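Everything on this sheet refers to the single structure shown next.
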Amino acid sequence: MLRLEPRTAAPWWLGIVSPVMAVVATMIVGGLLFALMGFDPVASIRTIFWDPLFGPAAGYSRPQLLVKAGPLILIASGLAIGFRAGIWNIGAEGQYIIGGICGAAVALAAYPAEGFWIFPAMVLAGAAGGWAWGMIPAILRNRTGASEILVSLMLVYVAQRVAAWMAFGPMRNPEGFGMPGSRNLQQYPPASNPELIAGTGIHWGVIAAALAVLATWFLMSRHIRGFRIRVAGLAPRAARFAGVRPETLVAFCLGLSGALAGMAGLFEVAGPGGQITDSFGSGYGFTAIIVAFLGRLHPLGILLAGLLMALTYIGGELAQLMLSLPAATVQVFQGMLLFFLLAFDTLTRYRLRWGTAR
Amino acid sequence: MIEWTTFLLLLSAATPILFAALGETIAERAGVLNLGVEGMMITGALAGFAAAHATGSPMAGFVAGAVAGAALSLIFGGLTQYLLTNQVATGLALTMFGLGLTAMFGKPYEGVKAPSMAGGPLGINWVIWLGLVLVPVTWLILNRTRPGLILRGVGENHDAAHALGYKVRGTRMAAIAIGGALAGVGGAYVSIATVLQWTEGMTAGAGWIALAIVVFAGWSPWGVLAGAWLFGGVTVLQLRLQAAGVAVPVQLLSMAPYLATIIVLVIISARHKYAGGGGTAPGSLGRSFHALR
């Protein structure tokens, strides 16, 4: 009989091979699923994973890669830090929405003023909004022991309703002919987050994501706080004896990931999204959880994983357009990818052995 | 004085949560934390709706919902029990997968009407009755039968249960499948009996609320009933206020169930925390079991 035997140390290359194997397995099973649904599996997979980068219309889709990867990487960098410490912020979607609303509030309050200070103030407001929304589960967990998983997730639903209320109520565009949704910030230059280099998709959010990767790498591998976070995740009791206060870590991890998610929301509302609508949350907060795991909670891994997930978004849209594949294909792929990832990760922690135990 | 029709609405609003939370209680008492309840519910909602629509029989719908929920839960079971994956991450994956899968296959059912359900005694349909009967039945099985004792033993201390010769994996797989089936029925109730149609993501967090109610209930079936009714009450109150045209925007009123869940969770967690000890959570909850011998 096949059985698992715990490893004392995993070879370093397994950490790289297992996510790659998960991606390949997802492609194979995804292809089978398409075949079952009556689509050409090879063409479908090529349309999703190859054509956005190298296909005939790649000139249009390539810039979109960074537009989509930016928020994913920014959010996932924050989430990964908490996941390392066993602190589960799964409400990044809510922090993203609130960050977007707070940032947009600054812009709408300033409208139609001109000034270089408006955009930086929006970034600060976005980060503060996300931070505050992330601190709610942190404070509740520290004070009462309420599960941060459930509280942060409930707050996603609350945030979605705040966005809907804003779009229909306080933030509705007075010149929008009664349509729900705020003013479009793309048409208000001091508050907009435009493409900085034409044809690349790079906006301030992408630059922030790159900085977040660098900063979290520094934090986790060179700073004492990162060390404490890693110890707390691997051996909570040892960490407590070493003087690490769990309350501080909870507040730090949820606050930081909230602030980064809030900034992602702000860059989105000021840039590609343009306005607060009742459907402002687009699922980036949830997909970022997969990005964090796919990147093995390592900043560099998250960078690559974010790009790959962005590719599936663009490829999914392309496949919808070219092959009329259902829009939800990407979501199914993402869920499946996480399954395979967790399954293949078992191989990094255990060795497969044939035969009965000694 | 609450009128009878309002009480019926409350019962109906509480039913999906009641089923899902009872199922999760069984899984958690066996030591398994399955965060995929939302994914299993939405899958049950679509499978149930599709079957009810195809056969014209709501009964067939609920059976299909249970089967679909259980089938999905077995993915979780296989990964967490046999490949020893992290239960939190696997549960999240299950929810995302379920939401994606139903969004993908649910398109043809949008805008279709559900077959009508027959009323039952006192104007309460038989699924609500079934849910109410399941509360004492679950309590009896968990607390007064041998399989229930084994299940709780596995959940409290899996190493000890294993040493006594009980099948930890087998027990947990059964608990996971029952939890999945009940979540599936709860989901099917949303599409077949409450909303009467299929829309993408229609369970709207009910699975997560069910997870919170299990904590609120202190892992007891009677507590789950109280939690589900509390939730049903908040939902009905919120709908009544909307209908009465109170001067509060609809979007803010519809936050009520989620806010109520947070408040309840906070109060109950604080009570456990300050009463000392870790509350009544099963001892091995969320931990992987790996037998070396």
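Keep in mind the model is a prediction, meaning the values are calculated, not measured. Quick note on labels: first sequence line is chain A, next is B, and so on, each numbered from 1.
- Ranked by heavy-atom pairs under 4.5 Å with chain B, the first of A/Leu155, A/Leu150, A/Val162, A/Leu347 is A/Leu150.
- For the pair B/Thr85 and A/Ala343, the tightest heavy-atom approach, listed with the atom from each and the gap, is CG2-N, 4.1 Å.
- Interface residue B/Leu84: backbone and side-chain heavy atoms are both found under 4.5 Å from chain A.
- Neither the backbone nor the side chain of A/Val330 comes within contact range of chain B, judged by heavy atoms closer than 4.5 Å.
- Considering only heavy-atom pairs separated by less than 4.5 Å from chain A, the leading option among B/Val250, B/Leu79, B/Val215, B/Leu35 is B/Leu79.
- Remark: side-chain polar atoms of A/Thr346 are paired, donor with acceptor, to backbone N or O of B/Leu83 under 3.5 angstrom.
- Interface remark: A/Tyr350 contributes side-chain atoms only to the contact with chain B (heavy atom separation under 4.5 Å).
- When all heavy atoms of B/Leu265 and A/Ala146 are compared, the pair lying nearest together is O-CB, 4.3 Å.
- Contact count versus chain B (heavy atoms, under 4.5 Å) is highest, among A/Leu338, A/Val151, A/Leu153, for A/Leu153.
- Annotation: maximal heavy-atom pairing with chain A below 4.5 Å, among B/Asn86, B/Leu211, B/Leu101, B/Val88, occurs at B/Val88.
- Only the side chain of A/Ile90 comes within less than 4.5 Å of a heavy atom in chain B; its backbone stays farther off.
- Residue contact with chain A, scored on non-hydrogen atoms closer than 4.5 Å, involves the side chain of B/Ile75 exclusively.
- Per-residue counts of heavy-atom pairs under 4.5 Å with chain A were compared for B/Ile262, B/Ile267, B/Leu252; the largest is that of B/Leu252.
- Contacts of A/Leu341 with chain B are absent, with no heavy-atom separation under 4.5 Å from either backbone or side chain.
- At a 4.5 Å heavy-atom cutoff, the contact between B/Thr261 and chain A is made by side-chain atoms alone.
- Only the backbone of A/Arg143 comes within less than 4.5 Å of a heavy atom in chain B; its side chain stays farther off.
- In this structure, B/Gly100 and A/Ala328 approach most closely via the heavy-atom pair O-CB, 3.7 Å.
- Nearest heavy-atom pair, A/Trp165 versus B/Gln251, reported as atom, atom and distance to 0.1 Å: N-CG, 3.6 Å.
- If you measure heavy-atom distances from B/Tyr82 to chain A, the contacts under 4.5 Å come from the backbone alone.
- Heavy atoms of A/Phe293 lying under 4.5 Å from chain B belong exclusively to its side chain.
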Inset, instruction - Verify side-chain contact (heavy atoms from CB on, under 4.5 Å) between A/Arg161 and B/Leu253, making sure each step is shown before the conclusion. - result: CA-CA 9 Å; A/Arg161 276 148 189 84; B/Leu253 279 178; over 6 Å; no
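- Heavy-atom distances place no part of A/Leu325 under 4.5 Å from chain B, backbone and side chain included.
- Between B/Met104 and A/Thr329, the closest heavy-atom pair is SD-CA, 3.9 Å.
- Summarising the geometry, atom CE belonging to B/Met255 is positioned 10.5 Å from atom CD belonging to A/Gln160; distances are rounded to the nearest 0.5 Å.
- Top candidate by heavy-atom pairs under 4.5 Å with chain A, chosen from B/Thr90, B/Thr102, B/Ile268, is B/Thr90.
- For B/Met96 against A/Gly335, the heavy-atom pair with the smallest separation is CB-CA, 4.5 Å.
- The CG atom of B/Leu99 lies 8.5 Å from the CZ atom of A/Phe286; values are rounded to the nearest 0.5 Å.
- Aromatic ring pairs are classed by plane angle as parallel below 30°, tilted from 30° to 60° and perpendicular above 60°; the pair A/Tyr157 and B/Tyr258 is parallel.
- If you measure heavy-atom distances from A/Phe168 to chain B, the contacts under 4.5 Å come from the side chain alone.
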